[in-house]
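What follows is a single structure, written as structure tokens, with notes after it.
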Amino acid sequence: MKRIGMLTSGGDCQALNAAMRGVVKTLFNSGEEIELYGFLEGYKGLIYGNYKMLESKDFSGVITKGGTILGSSRTPFKTITEPDENGLDKVEAMKHNYYKLNLDCMVILGGNGTHKTANLLKNEGLNIVTLPKTIDNDLYGTDMTFGFQSAVDIATNCIDCIHTTAASHGRVFIVEVMGHKVGWLTLNAGMASGADIILIPEIPYDINKIAEAIEKRKKRSSFTILAVAEGAISKEDAALSKKDYKKKLAESKYPSISYELADQIHELTGEDVRVTVPGHTQRGGSPCPYDRVFASRLGSEAGNLILKGEYGFMVGYKNREIVKVPLEDVAGKLKSIPADASIIKEAKLLGISFGD
Ligand code: F6P
């Protein structure tokens, strides 16, 4: 008999349900007796003992379903060791609930913050297996996270739609793409949709170079498309201390970087600039077929590790293989686009400007 807890934490993404289904199917198909506890709304469920018993049939038909059937929430790692508003020690509470239910293992699906807490719980002696979810693809130790490809599809579709209206009106359009502090999503959606300028946090931009790229493009086309990561940053801002940059953002009159860029581009080029922000649509809806298969494979391997009693790992993807990565090698590290990534070189050869 194995008693397994499961939770999904942090921002949701597509294929969370497909990944859980992969774990659950593998466990139930093994013939081993399984008791499954689904903790609700992320770590909150484990802290406050909020769970529901799950059966194999709860995962019927969920491979196509976006969101998470367990619900999710953000429980910031930086305050996880601080007591809650009623003085409850959150880490002790999670351990208490784990031992009270006599769990053999917790399966935790999440991104960067989630993995820091998962590693902490591992160090506290709990058996943990994790799965890498996030549309940002910024999790260290895996070449890909599930949710990413689905989000690339949505962001690409958004830029495709903008393309036709930009062409009709001869405008400059900025599409602001999610991705937090990294540019994977913007780079991929931007390249897939033929964006002319791609701005990502890893390559700070010079606004004059962006204006030059627009002027150059004007010679052969009436419109320009910029795919801008929400974390894109100018060279001047990148030179600021973290504290000063935060202060600048807090005092800015612009809701996000794209609106500041739109004003600056208008000033420098006289162009009519429009901004589109697809926002959370990028995390929503049904997972794409790639993510359904990918998340199922990762989930299945997580189930396999549990059956073998191998704990303390994230199931990831390296060099086209499903692999297990020690949690301590993942927690607290960000996977940015490397400066020498060949995809950047190739994009530049295609004539895409990064504003650098
Ligand atoms: O990490 C996923 C993500 O969608 C980021 O791309 C984005 O910066 C952030 O979450 C938005 O967070 P929230 O849903 O809390 O607004």
Side-chain angles (χ1 to χ4, degrees), residues 7-17 19 41-44 66-68 70-80 108-118 130-142 144-159 174-190 198-202 227-233 237 242 245-246 249-250 252 254-260 275-288 291 294-295 314 316 330-337:
L7 63 83
T8 53
S9 172
D12 74 342
C13 71
Q14 303 88 342
L16 276 163
N17 293 322
E41 291 178 46
Y43 284 116
K44 264 199 216 163
T68 157
L70 294 181
S72 192
S73 65
R74 293 196 187 276
T75 311
F77 176 73
K78 62 174 185 240
T79 55
I80 200 75
I108 297 177
L109 293 84
N112 272 312
T114 303
H115 274 79
K116 288 191 221 167
T117 300
T130 69
L131 288 167
K133 72 88 232 201
T134 167
I135 63 166
D136 304 336
N137 194 31
D138 60 351
L139 203 53
Y140 197 83
T142 183
M144 180 108 69
T145 55
F146 61 83
F148 174 66
Q149 288 296 343
S150 303
V152 169
D153 285 3
I154 295 170
T156 301
N157 186 39
C158 173
I159 305 173
I174 295 176
V175 179
E176 184 174 295
V177 179
M178 274 189 172
H180 202 215
K181 293 180 181 160
V182 302
W184 296 106
L185 189 50
T186 310
L187 177 59
N188 281 271
I198 296 179
L199 303 181
I200 55 175
E202 291 88 338
V228 174
E230 61 180 354
I233 187 165
D237 286 352
K242 222 173 164 185
Y245 180 54
K246 265 192 173 170
L249 288 183
S252 170
Y254 300 107
S256 68
I257 186 68
S258 298
Y259 293 91
E260 181 179 356
V275 175
T276 292
V277 183
H280 288 76
T281 63
Q282 293 162 96
R283 275 184 8 206
S286 190
C288 67
D291 268 338
F294 182 47
M314 174 185 82
V330 177
K333 296 178 199 159
L334 192 69
K335 186 186 71 193
S336 304
I337 302 175

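First listed ligand is number 1; within each ligand, the first listed atom is number 1. For this chain, numbers begin at 1 and follow the sequence in order.
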Query raised in the report: Do Met144 and Phe294 have side-chain heavy atoms sitting under 4.5 Å apart?
Result: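 A side-chain contact exists here, since the closest heavy-atom pair is under 4.5 Å.
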Query raised in the report: Exactly which residues line ligand 1, taking a heavy atom under 4.0 Å from it as the test?
Result: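 Correct list: Arg74, Ile135, Asp136, Met178, Gly179, His180, Glu230, His280, Arg283.
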Requested in this report: Kindly give the heavy-atom pair with the smallest separation between Ile337 and Glu202, and that separation in Å.
Outcome: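 Closest pair (atom of Ile337, atom of Glu202, distance): N-OE2, 2.9 Å.
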**Report entry** Nearest heavy-atom neighbours spanning Asp136 and Trp184
**Finding:**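 Heavy atoms of Asp136 and Trp184 come nearest at O-CD1, 3.5 Å.
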Query - Neighbour count above 12 (heavy atom, 6.0 Å) for Lys333 NZ - result: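 Counting other residues, nucleotides and ligands, NZ of Lys333 exceeds 12 neighbours.
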Report task. Sequence neighbours left out, what pairs pass salt bridge (charged side-chain N to carboxylate O under 4.0 Å, His left out) with at least one residue falling in residues 145-159? Result ->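 Passing the test, one end in residues 145-159: no pairs.
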Query raised in the report: Taking Thr186 for the side chain and Ile200 for the main chain, is one N or O donor matched with an acceptor at less than 3.5 Å?
Result: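 Not at all, since once roles are kept as given, no pair shorter than 3.5 Å links the two residues.
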